[in-house]
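Presented below is the structure to which this report refers.
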Amino acid sequence: MSPVAGRGREVRTSQPHNALGPVGAPRLLAGLDSAITTVGLDQHLERWGRLPALGSASILDELDRSGLRGHGGAWFPVGTKWRSVKRSVTKRPVIVANGAEGEPASGKDRLLLDGLPHLVLDGATVAASALGASRVIVHVPAARIPAIRSAVEERRRFGLDSVDTEIVEAPDRFLAGQESAAVNTINNRNPGRPSFTGTRTVREWGVGARPTLVQNVETLAHVALIARFGSDWFRRVGTPESPGTALLTVTGLWPQPRIIEAPLGLPLQQVLGLSTEDAGIFQGLLLGGYGGGWVPMAEAMVMPLTEEAAREHGSSIGPGVVALLPSQVCSLSEVSRVVSYLESQAAGQCGPCVNGLAGLDHSMETLAFHPSSLRGGTSRILAHCDLIEGRGACRHPDGVTRFVRSALRVFSDHVASHLHRGPCRSRIGPCLPIPTVRRTVRQGRETK
Amino acid sequence: MSRRRIELIVDPIACDGHGVCAELLPEAIWMDPWGFPVIETADIPAHLIGHARRAAESCPRLALTLVERNT
Ligand code: SF4
Ligand code: SF4
C-alpha cells in the first residue's frame, strides 16, 4: 500500500479491494500497485501500449456508445459535450484537463495526477486529436505540478503528443474546478471565480475566447482506456446509464480516507464491504461531497452506485466522495462546520448567494449550538433554501441547499432532539475534512 | 410543436439590486428580502414582452437579458 501525501493527511491507494468481488477488478488503478507511487512512461506503455490512431468521427462515436459520463461532478454525457465543443468551424478548441479538485473530501484526482499522470495525459491527447484542438492545458493545484511536469517532459522527449501540454496552477479554492472558474484562471481574469455564462457556455467561448472542453482528469483517464479497448469493453462493467467504474474517496470507514475503484451499479454495501452490523454504527452516508446529499444508512446500503439512484435519493455521485458519519458524532455540528466552510468559499459575486449562504450558515450554526434561539424552526430554513436555489451565476448555492436539505431530512431525529433538549455535549469530531480557510471578504476581495 | 419562447434572465454577478426591473415589470419580477430580483416567470407572455424589453433596457447594470428560445 503506498501512502500518497496530501492535504495534511495520508490518503492510501486501495489495493484491489476485496470487497469488490470478482467484478471489481480495477481498471484505472490496475497499474498502481503497492510498490509504485508514480507509473512512469515506460511502465505505462508496457501496460497499456500506445494509443491507437483513431479518426475523430470514430472516437466520438465510440464515446457516445460507451455512455461515459463526466466524473468531475456533473455526470454529463462526455460524447455530447465533445460534440458541442466541436461545433465551431471557425476556431480551434482548447482542451483543459481539470484536476483542480477543490472538494476537501476528494482525493482521487490527486491520486491520478501523482500516480497515473500518463493515463490522464493520454485522455487529453485523445480529446485534442478528436476535436482538432490547438492547445492542451492541465489545470491543477500547485502541489500536483511537479509530478505532472515531469510526465509532460517524459512525453516530450518521446515525441508522444502532437500538441504541446501547458500547465496552469489552480488556486486552492472550493470552486477552482468549476468550469468557468477554471477558464477564468487560465485566462488570468478573475481567477478561481465563476462567470455568469448565461446563454453562452465555455464550450463556445472559453480559454482565449475559443471553444473549450473542460474535462475532469478521471474522465480523461477513462477516455484513454476507451480509446484503446472500445465501448463494448467499457460497458462490460456498470449499468446501461452509468457504465464503467468510478473512483471513490471514502472517508470515515477506515482510520484514513482511502481511494477505491468501484464498478458502477453495485450496491454501496458491497462497494464498501460493510456488514449490516458494521453499517449500524453509522448514522448517515454523504454521497457526492459537500455539494451532494446525505442518504440514510439503511437506504444507502441497498442503493446501487449509479447516478440515477443517487439523484432519486436527492444526492449525486458528484466527484465520487463517500463519507460515513459515526452515530456518536453530533451530525448538526458537522453540517454547520461544512456550511460555514462553503459559505466562506462562495465567490462573493452574486447577491442571492452572498446573502443567502450567510443566512443559511447562521441558521445552521444556531441549530447546532444554540437551538433554543432558532426562530421559525426548520421550515424557515427550508424556505430560505427555496429562495436561494437557481439564483447564482454558478451552482454553488444549489449544492449547499442540497447538502442542507438532505441533512435536515436524514438527521431529523437529531434536529428534533436539539430543538427539544438543546445542543449535544458530544465532543467527538470533527469528522468531515475541512481545510483551513483564508477568509474572504464580501464583494470578492480576498484578504490574506 | 415548436414555439418561440421569450425568457428573461438576470446575470446575478452584474446585478447590484437597483430594482428598476421590478418597478417596470412587477408581473414577472419581485425583490427578495436582500433587495435582489427574483424572476418569477421566466417565460414571458406575449402581452408583457414590451414591458420586459423596457425593463431590460433600463437596467443600469445591463444585467437583464431577453433570450429567445425555440421549445
Ligand atoms: S453563485 Fe455564489 S459562488 Fe457562484 S459565482 Fe455567484 S457568488 Fe460565486
Ligand atoms: S434593474 Fe438590473 S441591476 Fe437593478 S435589480 Fe434589476 S437586474 Fe439588478
Side-chain angles (χ1 to χ4, degrees), chain A residues 175 178-181 183-184 189-202 204-205 343 346-363 375-376 380-398 400-401 440 442-445, chain B residues 1-46 48-71:
Chain A
L175 289 170
Q178 196 270 355
E179 194 169 66
S180 64
V183 166
N184 285 342
R189 217 200 56 213
N190 200 16
R193 290 190 165 79
S195 294
F196 177 65
T197 43
T199 51
R200 191 173 63 176
T201 70
V202 303
E204 297 152 77
W205 189 269
E343 190 266 344
Q349 308 188 106
C350 312
C353 175
V354 169
N355 293 286
L357 295 192
L360 214 47
D361 177 22
H362 179 76
S363 310
R375 262 177 262 124
R380 185 139 160 230
I381 299 178
L382 295 173
H384 198 124
C385 290
D386 287 339
L387 200 53
I388 299 171
E389 277 154 16
R391 294 186 57 214
C394 74
R395 314 286 294 176
H396 180 59
D398 305 8
V400 180
T401 60
T440 53
R442 303 273 141 75
Q443 301 314 325
R445 237 152 271 135
Chain B
M1 212 179 63
S2 128
R3 92 185 168 90
R4 237 182 67 194
R5 234 173 95 107
I6 303 285
E7 275 181 29
L8 196 55
I9 55 174
V10 56
D11 172 350
I13 296 181
C15 167
D16 64 2
H18 281 96
V20 179
C21 53
E23 187 64 37
L24 289 171
L25 193 64
E27 294 91 341
I29 303 176
W30 55 278
M31 300 303 275
D32 72 15
W34 310 297
F36 293 92
V38 181
I39 314 276
E40 188 64 52
T41 9
D43 187 359
I44 303 295
L48 287 179
I49 287 175
H51 291 293
R53 191 155 288 137
R54 183 128 27 92
E57 282 159 6
S58 311
C59 167
R61 307 274 308 167
L62 302 176
L64 271 186
T65 323
L66 280 177
V67 291
E68 246 179 69
R69 288 217 168 97
N70 286 313
T71 53

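Remember, predicted model here, so these are calculated numbers, not experimental data. Every heavy atom of this structure was used, including side-chain atoms; hydrogens, water molecules and symmetry mates were not. A note on names: the letters A, B, ... follow the listed sequences, proteins ahead of strands, and every chain is numbered from 1.
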- Query: Around B:Glu23, counting heavy atoms of other residues, nucleotides and ligands shown, do more than 12 lie under 6.0 Å from its CD?
  - Reply: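 Check fails, neighbour count at 12 or below.
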
- Query: Considering only heavy atoms, which portion of B:Val38 lies under 4.5 Å from any heavy atom of chain A: side chain, backbone, both, or neither?
  - Reply: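 Both the backbone and the side chain of B:Val38 come within 4.5 Å of chain A.
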
- A:Phe196 to B:Ile13 - nearest heavy-atom pair and separation: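 In terms of heavy atoms, the two residues are closest at N-CD1, 3.6 Å.
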
- Which atom pair, heavy atoms only, marks the closest approach of A:Ala393 to B:Pro12?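 Closest approach of A:Ala393 to B:Pro12, heavy atoms only: N-CG, 3.3 Å.
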
- Largest heavy-atom contact set with chain A, pairs under 4.5 Å, which of B:Ile9, B:Asp11, B:Asp16, B:Thr65: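 Answer, by heavy-atom pair count under 4.5 Å with chain A: B:Asp11.
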
- Take A:Val354 and B:Trp34 through the side-chain contact (heavy atoms from CB on, under 4.5 Å) test and state the conclusion after the steps. CA-CA 10 Å; A:Val354 169; B:Trp34 310 297; over 6 Å; no

- Flag side-chain contact, heavy atom, 4.5 Å: B:Asp32 against A:Arg391: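 They are in contact (side-chain heavy atoms under 4.5 Å apart), so the answer is yes.
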
- Task: With the side chain counted from C-beta on, respond yes when B:Pro33 and A:Asn355 share a heavy-atom pair under 4.5 Å apart, and no when they do not.
- Result: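 With C-beta onward as the side chain, the pair stays apart.
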
- Message: What part of A:Thr197 gets within 4.5 angstrom of chain B, counting heavy atoms only: side chain, backbone, both, or neither?
- Response: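 Contact with chain B: none, neither part.
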
